[in-house]
Every structure is written in structure tokens, then in C-alpha cells.
Amino acid sequence: MKIFDCYCTFGRPPIPPFRYAETAVELIQEMEYCGIDEAVVYHTAQKDYTPLEGNRIVVEETMNYPTLHPAWAILPEQTGEQPNPGKFIKLMKENNVKVLYAFPGDHAYLLDRLGFGSLLDTLIEHSIPLFMKVNWDLMRSVLGEFPNLTLVGVGSGPHGQDRLFRPLLERYPGFYLDTSTYLQDGGIEDICKCYGAKRLLFGTGYPRNCSGSSLLRIMTAEISEEERALICHGNIERLLQEVKL
Amino acid sequence: MKNGSVIASEFMKKGKCEICPIIDMHGHYGPYGWIYFPRPYAEDMLRSMDRAGVEAIVCSSHEAIFRDTTRGNNIMKDIIEKYAGRFYGYWAVNPNFPEVIEKDLSNFKQKRGFLGFKFLSDYHQCPITSEKYKTVLEYADKNRLCILMHTWGYSPFDGPQLVRRIAGKYPNVTFIMGHSGYGEWETSIETARLFNNVYLELTAVYATHEGIELKWCPERDFGIGVNGIIEKMVEEAGSEKILFGTDLPWYSPHYAAGAIVFARIGDEDIHNIFHRNAKRIFKKCGVLL
């Protein structure tokens, strides 16, 4: 079974976990230890320092490793730090970037139509998925304003939050959830039964979490092999293939 | 996969390892209002346990720790009787109801399959050092029983500093630090290393907790990811002082096992964590597995 991790990070964090990957090579070593084949990655500099430098660094550090797919972080257009959506998409194409991350808490902005209307409409037009750390209130309002957005919630936290995210799964077909910290017993099986395996993406949350945890969880879930293949790699591959740059 | 562990390889192939069974030392039972459980009852829990090679689990019922202690403990007693050899128990104690404790202790020896007691001091808002726990601690010490305590980093009710204050005072009690004093790692590990009768238990250690779940922790510790903590525990406290737990029906046994079999530790350490240490505690408490 091919394993494609949709949610992991490398680079030196300001408060390091007990173990982490400082470089792309170290991340690949970690992936090989667990048997993970590919990954969508961002660099800690994008979140903890600034997207202005971090977006460049993640491309530079992954360019020689085709199994690592770089993601970029977004900022609002109004401050002029990030190019207008048209130019931004062009830069994404040049750098083979197909996934974007929003870090509204870390970068002090409101992710709404006022600040991001033009960019998020452009993402919808180009079928570009936007990833963000789970914040249910915010994700609910973003999807309310942009119901056709492909939005991936990552790192939902170890305590089951089904009552918070299931309404989103039910209402918005472009809403996805990663499995990195979806721990509760029987949860993956229940989601597959209620909403289909197409709504889950395999993620590890490395380096904050041990990659082996969510790996063993998905490999042993009581679901069909077809469902497992979708979660392990099929869904994220489809999302990447659907991107029009 | 370059992980050379034979146990990890078996888990990846079969979901369990026949030569390395698991005893889950921290479980619960039944529904709880704060969270949706797809599998809160015995038959479903057993299905998950069977798939992961979990031979037995030691539980306290949610009803006992969050509502009616007597009714909840009796539910657990019935489950232990019905599923003998698979379910064992901790008799839940709520220090805010001393009259119930007194009554429960008077006939505790008649309660088969209970290794000892469960403290949930953060939730009951009573420090483990309080006089209100004294009768239980003395009883457990006299009868060489076990106490599973919810412990959380920097908590004024059950932080690892408080565990130290009772561990030496009641040397015959086996103290299990549920969640290993999450977040206050150095002190928790040192406590397990210094006191022969203190164990680290891994529930909640498998994935990083954030925000409100770390209400007592200083800001610095909010950011610490848990990846690598099991290796640190093994190196500094020794795998002989670490126990497997899941809070089942909260956390998947496979998610928990994955953190251990993919940690950079030896297969002997995994054997200790998965079953050897637990068997030693069962024996000391006089409960047959």
C-alpha cells in the first residue's frame, strides 16, 4: 500500500519536540523508517518565521526530492507582502506548488471575504486545496463564505470532535479531515460508513506526533482495502491532480 | 519500512503480535457527554481489543468517575463478572463523598477483579495530598493495592510534585501516573525513577494536546510535541516503569501501539511496556490474570 502523508513539517521549530527533522533529508529518513512514500510538507519557517522567506525555503529544500510536495503559506493581499492572486498562482505554477496553508493565528489576520475574497475565489477557480490547523469556528465561517472551497482541516486534536466537524462534512463536499490526531476508537470506521472514505486524508502531524501512530491506525482500520487506499494516498493524489495551474 | 522491530513488523502485517500481547492499564467504560464514542460498550471494546492483541483491560466506568460513584462502580463490577479475564477494574473514588468511600472500603475485599482505586483529582478538584484521600491511601497501603491517578503537568490537584509527596508515604501502594503528568515531563520521569512504587502510564502521551487541554501548563510547554517522549522515558526512567494505556473507548489501541512500536526503543522495552510490567502489578495486587 502506498502511503502519502498529507500533513508533516520539517525545519527547526522554536520549541522543538523531543525528535524532529531539521532538513528535508532527515524528514525522508523518518518517512523511510515508517514506510511512508510521499508527503505534502511545509517548513517551520513558513509558520514560525514568515511566509515571505519560508515559501522560498520550502521550495529550495525540497526541489531535489520528488517525493516531497511543497506547500506555501498565504497572507492577505492588502499589505502588499504577497502578490495579487493572478501573480501568486503563476508563481505557484513555476515552483510546482499545489497546496496552500493558512496560519491566521500565527500571522495575525482574519481569514474572511474582506481580506481574502479575491484569493480564495481564485483558489476555487483553480481547484487549489487550502489546508489549515483545525479551528472549527473559523472553518465554519470560511466555508459559509466560500462553500465551494477545498478546505482540509489538519490536526483536529486527540479528543474526538465529531460533533463539531460532522456538520461540515455533511454540508460541504469540499471539506476534508486529516487522520493525524483523530484518535478515537472506531472513529475512522464510523466516518467511512457515514460519509465515505473520500473525506479522510492520511496525515501524521510529524514532528509533533509520532508518524507510526496514525500509520498503524490506518493500516489496521476495519475498512475495505479500497477505502484504505483512498485514505492512504488516493484522495490526496486526486486533490493534487485536480489543481489547475 | 526500515523500522527493524520484529514486533512492529508483526503489528503492521496482522494488527497484533502473538508473542507480545498487550495489557491495557487505563480504560474506561460507557458513554460520556463531552465526547462522541463510536464504541463505548463492552462488545465493541472487546472487538477493538481483539484486533490489537489486547488480552485484558483495567477500567473505571465513566458513570463512577463523573456522576454516581456507587452506581457506576457496580456497573463496572457487573462487566468484570460478565467478561471475566478480559475486563478488570479500578474502584472509582470521589473524595467529595466521604460517606461513600467509607462504605466502599468496608466491603472492598468482596469486589473481585479490582486492582485498587481510581483518582480523578483534577475533575473532582481535590488534591491527591488532601486528607479526604487518606483513608483510601491507608487502605491501599495496608492491602498492597494499586491506585491509578489522573495526573497532569503543573496541576494543583495531581501534578507530579504532589505524587512525590504521597509516593514515599505509602510505599506499599503501586501508584500509576495516568497520562504521565502530561506536559511536566522532566518531573514526572524523575518521580518514576526515584520511587520504586511509581509508574508512568502512557494514555494521552501518544498525540500532542493543545490549548484548553493543557490548562495548568505554562506557555512554554504548550508547544512541546510528544514525538520522542517515549524514548526519553525509556532512557531516563527505564521501560520497567512504563505502562500501556488507552483510555478506551477514547483512544484506538492501534494508534497507541503505533507510538510505541515505532519509537526508537528495543523489542524488550516494548515487551515491558505492553505486558510484563502490568503482569507484575496484577501479581502484587493479588489479582489473577
Side-chain angles (χ1 to χ4, degrees), chain A residues 1 3 9 13-21 29-36 48 133-135 155-166 179-191 193-194 204-222, chain B residues 1-4 8 11-16 34-40 44-45 47-49 51-52 185 204-213 219-233 246-264:
Chain A
M1 178 74 68
I3 307 291
T9 311
I15 305 171
F18 299 99
R19 198 175 66 233
Y20 65 98
Q29 286 168 351
E30 171 69 20
M31 290 163 60
E32 287 175 346
Y33 176 78
C34 294
I36 295 171
D48 299 321
K133 179 87 170 57
V134 159
N135 173 331
S156 61
H159 295 159
Q161 299 179 19
D162 294 58
R163 293 171 187 152
L164 293 162
F165 68 71
R166 287 194 183 209
T179 62
S180 62
T181 50
Y182 186 46
L183 266 69
Q184 81 250 57
D185 190 45
I188 288 175
E189 292 82 351
D190 211 42
I191 293 292
K193 189 175 157 192
C194 297
T204 62
Y206 180 87
R208 290 174 68 72
N209 302 304
C210 167
S211 306
S213 293
S214 57
L215 178 65
L216 186 60
R217 174 72 184 99
I218 191 60
M219 294 310 287
T220 56
E222 285 182 88
Chain B
M1 178 175 103
K2 290 188 176 173
N3 180 356
F11 265 91
M12 286 294 280
K13 282 182 206 156
K14 301 175 185 170
K16 56 183 158 186
W34 192 58
I35 184 171
Y36 163 66
F37 294 130
R39 299 175 175 178
D44 281 337
M45 287 171 71
R47 192 166 92 235
S48 296
M49 289 161 61
R51 287 178 61 82
W185 303 118
V205 174
Y206 312 114
T208 301
H209 287 54
E210 297 176 72
I212 194 167
E213 294 154 336
E219 194 168 344
R220 183 194 175 277
D221 287 351
F222 272 65
I224 293 184
V226 294
N227 187 25
I229 185 64
I230 292 171
E231 290 89 328
K232 182 177 171 67
M233 288 176 176
T246 60
D247 258 347
L248 197 70
W250 291 66
Y251 303 144
S252 151
H254 279 125
Y255 193 100
I260 296 162
V261 301
F262 279 92
R264 270 65 166 185

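Values reported hereafter were calculated over all heavy atoms of this structure, with side chains retained and with hydrogens, waters and symmetry mates removed. Per chain, numbering begins at 1; letters A, B, ... match sequence-line order.
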For the residue pair [X] and [Y], what are the closest heavy atoms and their distance?
X	Y	value
A/P158	B/A207	CB-CB, 4.2 Å
B/V261	A/L216	CG2-CD2, 4.4 Å
B/Y36	A/R166	CE2-NH2, 3.4 Å

Would you mind checking which part of [X] comes under 4.5 Å of any heavy atom in chain A, side chain (CB onward), backbone (N, CA, C, O), both or neither?
X	value
B/R47	side chain
B/L248	side chain
B/A263	backbone

Just how far is it from atom [atom1] of [X] to atom [atom2] of [Y], taken to the nearest 0.5 Å?
X	Y	atom1	atom2	answer
B/N227	A/E30	CG	CD	6.5 Å
B/I229	A/R19	CD1	CZ	11.5 Å
A/S211	B/F262	OG	CZ	9.0 Å

Between A/D185 and B/P253, is there a side-chain heavy-atom distance shorter than 4.5 Å? yes

For the interface with chain A, which of [options] has the highest count of heavy-atom pairs at distances below 4.5 Å?
options	answer
B/K232, B/R51, B/M12	B/R51
B/F37, B/W250, B/Y255	B/Y255
B/D44, B/D247, B/N3	B/N3

Parallel, tilted or perpendicular, as decided by the 30° and 60° cut-offs, for the rings of A/H159 and B/Y251: parallel

For each of A/L183, A/I3, A/L215, tally heavy-atom pairs with chain B at distances under 4.5 Å, and name the one with the top tally. A/L183

Looking only at heavy atoms and a cut-off of under 4.5 Å, which of A/R217, A/M31, A/M219 has the most pairs with chain B? A/R217

At a heavy-atom separation under 4.5 Å, does A/K133 approach chain B through its side chain, its backbone, both, or neither? side chain

Salt bridge (charged side-chain N to carboxylate O under 4.0 Å, His left out) between A/E222 and B/R39, worked out: CA-CA 13 Å; A/E222 285 182 88; B/R39 299 175 175 178; 2.8 Å; yes

